[in-house]
Peer 1: 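Would you mind keeping the following structure in view while I ask a few things?
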Amino acid sequence: MSIVRSSRLAGFGHSVPARRVDNAEIEAQLGLESGWIERRTGIRARRWVGDGDTLSGLAAKAGEAALQDAGVSRNDIALTLLATSTPDHLLPPSAPLLAHRLGLGNSGAIDLAGACSGFLYALTLADGFVRAQGKPVLVVAANILSRRINPKERASAVLFADAAGAVVVAPSGDPEKGVLGVDLASDGSGYDLITIPAGGSNRPFASGMPAEDVLMTMRDGREVFVRAVEMMSACATRALAGAGIGPAEVSRFVPHQANVRIFDAVCDNLGIDPSRTVRTIKDHGNSSAATIPLSLSLAHKARPFVRGEKLLLTAAGAGLAGGAVVLGI
């Protein structure tokens with residue numbers, strides 16, 4: 001029996017809701033001049049779910065696409081990881097339902113609440129599982145943030161979107177494939193920068209609670225920007241060093257699509273040509289953990305990844321939690 005030395009990305013998939021929400025609709029609601037949102041964020045439109053849509057349903061469509069792309073047997077998937085901040089319910093977790101809907105009868109399943117960096121944490125866990133067990137893993141990141149937006153708060157109302165992205169991580173005997181370098185980080189001193197104030201055990205739901213208390217709020221957008229750039233740049237630098245490659249060897253840079261100014265600043269800090277950045281924010285907005293796998297799937301569809309490419313992924317978000325992963329294709 002051969003030893004599994006590494007993992008590989010075997011399949012990609014994504015799903016976005018049908019409803020497209022252009023900036024003009026939000027700018028009118030907030031009393032902003034035309035073009036204000038795109039100038040400050042790079043976003044032109046985003047997708048929002050409709051009545052009756054569910055997180056598990058959106059995730060299942062992305063997972064189905066990734067499984068089809070990978071061509072692996074559903075019976076072989078040994079673990080399903082769902083990175084989300086908007087599960088169907090606080091309890092039970094949504095991942096077992098997702099695995100059931102996809103017919104993954106031999107799979108364990110768990111939710112991961114890592115906010116915008118959740119996909120990177122799930123991908124790192126998947127890589128370790130594949131190396132240890134030699135069995136494929138389905139990783140899905142999905143969010144329905146339109147139901148968590150406070151429409152009166154400009155800082156978050158202009159950004160957030162709904163989407164799902166997925167990858168199948170499979171065994172590989174090629175040490176040049178899969179996760180080549182990884183760095184994960186957290187800074188709890190920024191814990192209150194992006195929050196949903198109520199609904200957890202610290203402040204449970206209560207009768208008469210203002211609606212705003214269970215919606216997302218961003219306390220200081222400027223500080224979020226500065227600290228996100230710092231964390232993403234530092235994690236990416238360490239992940240590249242761990243992989244033994246320099247910025248010039250990065251084939252495609254796939255950052256969390258939080259704000260175009262954030263990932264352009266990270267490019268500047270790392271010395272990566274902006275032309276190598278995968279950009280999906282213009283038409284899809286910020287769907288938190290889903291943005292990186294969504295971007296991977298869209299990029300692969302537009303120009304398929306080829307053997308030998310090196311991808312750099314990085315994210316930072318609420319918590320503060322962040323990280324970076326270098327992938328070999």
Side-chain angles (χ1 to χ4, degrees), residues 12-21 46-67 77 79-104 107-123 125-126 137-151 156-157 159-168 194-196 198-200 205 211 214-216 256-258 280 284-298 315 317-319 321:
F12 304 87
H14 70 275
S15 178
V16 296
R19 182 188 173 196
R20 176 187 167 102
V21 180
R46 73 284 294 143
R47 300 297 184 95
W48 286 358
V49 296
D51 293 342
D53 290 334
T54 64
L55 185 284
S56 57
L58 189 64
K61 290 178 182 178
E64 179 69 36
L67 291 166
I77 299 294
L79 181 61
T80 299
L81 301 175
L82 175 59
T84 185
S85 300
T86 58
D88 283 347
H89 304 93
L90 290 179
L91 191 74
S94 298
L97 177 60
L98 172 62
H100 173 71
R101 294 182 67 159
L102 292 172
L104 308 181
S107 176
I110 190 171
D111 291 6
L112 294 175
C116 296
S117 59
F119 175 74
L120 298 184
Y121 280 78
L123 182 61
L125 177 56
V137 176
L138 174 66
V139 180
V140 182
N143 278 298
I144 296 180
L145 296 176
S146 62
R147 293 176 181 164
R148 282 286 182 256
I149 292 171
N150 181 348
S156 56
L159 294 175
F160 293 112
D162 306 336
V167 297
V168 173
I194 304 172
T195 64
I196 296 176
F205 295 116
V214 293
L215 299 175
M216 195 176 340
H256 166 47
Q257 306 285 304
T280 60
H284 294 90
N286 179 352
S287 53
S288 188
T291 70
I292 290 180
L294 170 69
S295 297
L296 288 171
S297 181
L298 289 169

Peer 1: Restricting to non-hydrogen atoms, name the atom on R101 and the atom on A60 that form the minimum distance, rounded to 0.1 Å.
Peer 2: NE-CB, 4.4 Å
Peer 1: Can you spot which of D162, I144, V16 makes a side-chain contact (heavy atoms from CB on, under 4.5 Å) with W48?
Peer 2: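 Testing each of D162, I144, V16 against W48, the sole residue satisfying side-chain contact (heavy atoms from CB on, under 4.5 Å) is D162.
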Peer 1: Find the distance between CG (L120) and CG (L112) and round it off to the nearest 0.5 Å.
Peer 2: 11.5 Å
Peer 1: Drop me the distance from S295's OG to H14's NE2, to the nearest 0.5 angstrom.
Peer 2: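 Rounded to the nearest 0.5 Å, the OG-NE2 separation comes to 10.0 Å.
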Peer 1: So E64 and L102, do their side chains get closer than 4.5 Å, heavy atoms only?
Peer 2: yes
Peer 1: With a cut-off of 6.0 Å (strictly less than), are more than 12 heavy atoms of other residues, nucleotides or ligands near CD1 of I110?
Peer 2: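 Not buried by this count: 12 neighbours or fewer within 6.0 Å.
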Peer 1: Can a donor-acceptor pair be found between the side chains of S94 and S56 at a distance below 3.5 Å?
Peer 2: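 Side-chain D/A pair, S94 to S56: absent.
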Peer 1: Starting at CG of L138, measure out to CG of L79 and round the result to the nearest 0.5 Å.
Peer 2: 9.0 Å
Peer 1: Please tell me if the side chains of M216 and T86 come closer than 4.5 Å, counting only heavy atoms from C-beta onward.
Peer 2: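 Not touching, per the 4.5 Å side-chain cut-off.
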Peer 1: Mind running side chain to side chain contact (heavy atoms under 4.5 Å, CB included) on H256 and N286 for me, showing each step along the way?
Peer 2: CA-CA 8 Å; H256 166 47; N286 179 352; 3.1 Å; yes
Peer 1: Do you know the tightest heavy-atom contact between A142 and A59?
Peer 2: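 It is CB-CB, 3.9 Å.
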Peer 1: Just by distance, do the side chain of S107 and the backbone of T80 share a donor-acceptor pair under 3.5 Å?
Peer 2: yes
Peer 1: Do I292 and L123 have side chains that approach each other closer than 4.5 Å (heavy atoms only, starting at C-beta)?
Peer 2: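 No - every pair of side-chain heavy atoms lies 4.5 Å or more apart.
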Peer 1: Tell me the closest heavy-atom pair linking A115 and S288, and the distance in Å.
Peer 2: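 Nearest pair, atom of A115 first, then S288: C-OG, 3.4 Å.
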Peer 1: Could you tell me if S287 and N143 have a donor-acceptor pair between their side chains, going purely by distance under 3.5 Å?
Peer 2: no
Peer 1: Any chance you could measure D53, atom CG, to R19, atom CZ, to the nearest 0.5 Å?
Peer 2: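 That separation rounds to 11.0 Å.
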Peer 1: Grab the two heavy atoms, one from P293 and one from A166, that are nearest each other, plus how far apart they are.
Peer 2: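 Heavy-atom minimum between the residues: CB-N, 3.8 Å.
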Peer 1: The test is side chain to side chain contact (heavy atoms under 4.5 Å, CB included); show your working for Y121 and L81 and say whether it passes.
Peer 2: CA-CA 10 Å; Y121 280 78; L81 301 175; over 6 Å; no
Peer 1: Calculate, to the nearest 0.5 Å, the distance between atoms CD1 and OG belonging to I196 and S85 respectively.
Peer 2: 7.5 Å
Peer 1: Of all heavy-atom pairs between A289 and A141, which one has the smallest distance, and what is that distance?
Peer 2: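 Looking at all heavy atoms of both residues, the closest pair is O-CB, 3.3 Å.
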Peer 1: Please report the closest heavy-atom contact between V214 and F205, naming both atoms and the distance.
Peer 2: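 In this case the closest contact between V214 and F205 is CG1-CE2, 3.4 Å.
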Peer 1: Nearest 0.5 angstrom please: R46 CZ to R20 CZ, how far?
Peer 2: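 Taking CZ in R46 and CZ in R20, the distance rounds to 9.0 Å.
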Peer 1: Are Q257 and L294 close enough, and set up right, to give a side chain to side chain contact (heavy atoms under 4.5 Å, CB included), and what steps lead you there?
Peer 2: CA-CA 10 Å; Q257 306 285 304; L294 170 69; over 6 Å; no
